[in-house]
Amino acid sequence: MSEQPQSGTAQWFDLVQESIVVRDPDGCILAWNQTSAQLYGHAREQALGQNETELLGSQYPQPAGEIDAALRETGTWRGEVLRRDATGRELYIDLRCSLLRDATGAPLQVVETGRDLSEQRHTERALRHSEYRYRNLFQAMAASFWELDFSAVGAMLQRLRKAGVTDLRAHFAANPALVREMMRATRILDVNEETVTLFGLGDRSGLMDSVEPFWAESSNHTYAESVIAAVTGQPHYVSETRLRRIDGSEFDGLFTACFAPEAVGRGKLLIGVIDISERKQAYAELERSESRYRNLFQAMAVSFLQLESSGLNRLFEELRAQGVTDLHAYIDQHPEFLKKAMDASIVIDVNERSLKLLGAKDRSELLGPVTQFWIPGQYEAFRGSIEAGFRREAGFQAETRKRTVDGREIDVLFFVTAPPDMRDRGIVLVGNIDISEQVAARSALRQMQAELAHAGRVTMLGELTASIAHEVNQPLAAITTNGEAGLRWLGRAVPDVDEARTLMQRIIADARRAAEIISRIRAMSLRRAPEPAPLALNALVQEAVQFLQHELQAQHAQLRLRLAPVLPVVQGDRVQLQQVIVNLVVNALQAMAHAGSPQRELQIETRLNADGEIELVVLDSGPGIPEEHQGRLFESFFSTKPNGMGLGLPVCRSIIEAHSGRISAGNREGGGARFAMVLPGPDGA
Ligand code: ADP
């Protein structure tokens, strides 16, 4: 069995601060001091007699045979051995072994002293790990990194200080050559892959050993500032600067230097460079287009308002979420939406010209919801604009009246520009071109035309009267003569009934002649014979509506078309049939205007009726036709209007009858007049 050292030595043996283990040449533990028990966590009683390698799980840096050989040869061995304590913790032990021999020189015992290096090794390992992580980062970052040695720069700075330079900034500014020299003195230790790419190096070996070639001449200032930041103890320095690729081309970089105190102490520096040329270009482009836009916005001789329309976008989204696809139909059902949409369209900027046009003394008067510019009840143009927006159309334009902030009403050409991407970002541009003068001129022109037409009609009426007078005079004179003669025959003592009968027959014949003359004159007012051609009635309606657009707007009438999706063609005269539609619509507008109807609604319908005939119906929301006038409307010269001629409807009837059709007038349910014309279908129904 093993034995502890003699009692005399036992005391010092346990007092030694190093672990001491004595083993035989086969590894059996013979002695185990107190420090060993503490270090390895095994009490002396547990350790004695055990095989040391097994107990401590020792891993030697060399094979056991080599260590034994070294011991036999030199008597000592030293190495770092990895062991585990009783809890399994890894221990790094600096182990020194000495061989004791017996009298014959044969190996007797090995004395081992061990020093624990674990703490140191664990720290080193952690350090290596973080170093490894750092290298990964260094390589993987999408930024260019440089590890630099600037110790030579430090020495230069010290020389400057000794030479009495106190204001480094001024000194550098005055000596650009010195700054370049400092650059040349800054050595490159390492760079990452991104640097190779960014600076156009073939590979790392293409690297110059100083940073000088990579700094554009215009960047001296940035470099000097970074040096000043380092010597004044700043933790880091960041600046945009011009850098140079290996081929001499320059680019904009964001330069970052990090002055970690301990690295700086060793004369080392890590800098990062990010290529911002694209960002800079995009920014410059943005600035340019922004300033172009601002110039345009301000300088235009047209009033421009910039609207913030995210609120409106949100309203649209809500509607879409509810499944609304046709905003026009939705507004028909919910007219209050218009007001909401106005309140959600906010003016955030206006140009100079808008102040004048909209009567503002100050920009601020024009800012806020657009509601203040719209005249209640005259929302058609606004409605059109948001309906176009809902359909994601890029623009809209309409003539309309607007209200100025100083209380006037002006005629403007109102236009909205909002390409979809702009609209998505809540930006809408509104322009207003003052057309009051044009509108005034146009309405004066219309007035003149109307008067001219009136004069024309009067002339025509005059001519008609003359010809009527002339033509009808003869039969009338004959009727009078015959009537008088008849009376005489009947006034005799013995009335001559036969003569009177003959005269009566003449009177009837003359009256017929007069009626014929009148119908000939009416036919004359058609001026020409119909020129039949195949026509699409719906297209005809659309054309007529186009033609009447302005009248409809001027009267603030809402037009609703309910056209049959499919209709057979009709044989007819385009101009004459259009004249009928226009006549009916104008009559309807006049009736509504005359009655002062607040809600002016006009509806035009087309359909194929049950008899295979083609029907066109014009409905209005006016006063309708009084009982006593029914049946008289189509009489020539019947009119209830002060300037009416009473020829419109008779002409309509002549035209329709010439097309083998019929026309009728009546009242619609719930008020308003209803005029219906029926034309034969394709099979002549
Ligand atoms: P004018 O328009 O010159 O009066 P028309 O023959 O076109 O001649 O119309 C005759 C009359 O029929 C009108 O004066 C008016 O009283 C009546 N009338 C026509 N259309 C309508 C309508 N839509 N609503 C009410 N009355 C109408």
Side-chain angles (χ1 to χ4, degrees), residues 446-447 449-465 468 518-519 521-527 541 544-545 547-548 551-552 554-562 575-606 615-659 661-678:
R446 261 206 310 279
Q447 181 76 24
Q449 275 169 346
E451 275 164 17
L452 214 81
H454 188 68
R457 280 186 182 184
V458 172
T459 328
M460 189 176 88
L461 189 63
E463 282 168 10
L464 273 176
T465 327
I468 291 168
I518 287 178
S519 75
I521 290 169
R522 201 162 67 196
M524 241 169 57
S525 71
L526 295 175
R527 263 183 240 115
V541 171
V545 165
F547 182 64
L548 289 164
E551 286 305 312
L552 289 165
Q555 302 281 346
H556 308 302
Q558 291 282 337
L559 173 71
R560 190 192 299 245
L561 293 181
R562 301 179 72 177
V575 177
Q576 289 187 352
L577 289 179
Q578 227 162 45
Q579 202 180 332
V580 173
I581 300 170
V582 169
N583 250 324
L584 295 179
V585 171
V586 169
N587 272 348
L589 288 175
Q590 285 176 346
M592 291 190 288
H594 184 67
S597 314
Q599 278 284 59
R600 300 181 184 177
E601 278 173 20
L602 196 89
Q603 187 161 313
I604 305 180
E605 305 174 356
T606 59
E615 227 175 272
L616 180 140
V617 181
V618 178
L619 301 147
D620 63 50
S621 63
I625 296 145
E627 184 77 48
E628 64 270 26
H629 295 162
Q630 302 252 2
R632 295 198 60 199
L633 300 188
F634 295 96
E635 279 177 18
S636 295
F637 309 117
F638 174 83
S639 175
T640 57
K641 299 169 195 167
N643 299 319
M645 297 254 307
L647 282 176
L649 290 177
V651 167
C652 286
R653 185 164 66 179
S654 304
I655 291 173
I656 296 303
E657 285 175 355
H659 284 79
R662 335 184 272 287
I663 185 165
S664 61
N667 285 320
R668 69 194 284 203
E669 272 175 46
R674 177 182 194 281
F675 284 83
M677 61 177 237
V678 180

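Order of listing sets the numbers, starting from 1, for every ligand and every atom in it.
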Engineer: Can you confirm whether M592 sits close enough to Q555 that some side-chain heavy atom of one is under 4.5 Å from a side-chain heavy atom of the other?
Structural biologist: no
Engineer: May I ask you to list the atoms of ligand 1 that are less than 4.0 angstrom from any heavy atom of L649?
Structural biologist: 5 (P), 6 (O), 7 (O), 9 (O), 10 (C), 12 (O), 19 (C)
Engineer: Which of the numbered atoms in ligand 1 are under 4.0 angstrom from any heavy atom belonging to G648?
Structural biologist: 5 (P), 6 (O), 7 (O), 8 (O)
Engineer: A673 heavy atoms, cut-off 4.0 Å: which ligand 1 atoms fall inside?
Structural biologist: 22 (C), 23 (N), 24 (N)
Engineer: Considering non-hydrogen atoms only, spot the tightest contact between R600 and H556 and give its length.
Structural biologist: CB-O, 4.0 Å
Engineer: Need the ligand 1 atom indices (1-based, order shown) with element for anything under 4.0 Å from a heavy-atom of L633.
Structural biologist: 12 (O), 17 (C)
Engineer: Just which atoms of ligand 1 are under 4.0 Å from any heavy atom in F675?
Structural biologist: 19 (C), 20 (N), 21 (C), 22 (C), 23 (N)
Engineer: Could you establish whether P650 and ligand 1 come within less than 4.0 Å of each other, counting only heavy atoms on the residue side?
Structural biologist: yes
Engineer: Is there a heavy atom of C652 sitting under 4.0 angstrom from any atom of ligand 1?
Structural biologist: no
Engineer: Return the set of residues passing side-chain hydrogen bond (donor to acceptor under 3.5 Å, both in side chains) with E615 (not counting sequence neighbours), or none when no residue passes.
Structural biologist: R607, N609
Engineer: Which bit of L584 is near ligand 1, meaning a heavy atom under 4.0 Å away: side chain, backbone, both or neither?
Structural biologist: neither
Engineer: Side-chain atoms of residues 664-678: list all donor-acceptor pairs with protein atoms under 3.5 Å, sequence neighbours left out, distances to 0.1 Å.
Structural biologist:
unit_1, atom_1, unit_2, atom_2, d
N667, OD1, I625, N, 2.6
N667, ND2, I625, O, 2.9
R668, NH1, D620, O, 2.9

Engineer: So, does G622 sit close enough to ligand 1 that a heavy atom of it is under 4.0 Å from the ligand?
Structural biologist: no
Engineer: Is there any N or O on D620 that sits under 3.5 Å from an N or O of ligand 1?
Structural biologist: yes
Engineer: Would you say the side chain of L577 lies within less than 4.5 Å of the side chain of I581, judging by non-hydrogen atoms?
Structural biologist: no
Engineer: Where does F634 meet ligand 1, judged by heavy-atom distances below 4.0 Å: at the side chain, the backbone, both, or neither?
Structural biologist: neither
Engineer: Using side chain to side chain contact (heavy atoms under 4.5 Å, CB included) as the criterion, point out the one residue from L633, V580, N583 that pairs with L649.
Structural biologist: L633
Engineer: Is the shortest side-chain heavy-atom distance between N587 and K641 below 4.5 Å?
Structural biologist: yes
Engineer: Please work out whether any backbone atom (N, CA, C, O) or any side-chain heavy atom from C-beta onward of S639 is under 4.0 Å from ligand 1, and answer side chain, backbone, both or neither.
Structural biologist: both
Engineer: Going by the order shown, which atoms of ligand 1 are within less than 4.0 Å of some heavy atom of A591?
Structural biologist: 22 (C), 24 (N), 25 (C)
Engineer: So, for I663 and I656, which heavy atoms are closest and what is the spacing to 0.1 Å?
Structural biologist: N-CG2, 4.1 Å
Engineer: How about L552 and L589: do any of their side-chain heavy atoms sit closer than 4.5 Å?
Structural biologist: yes
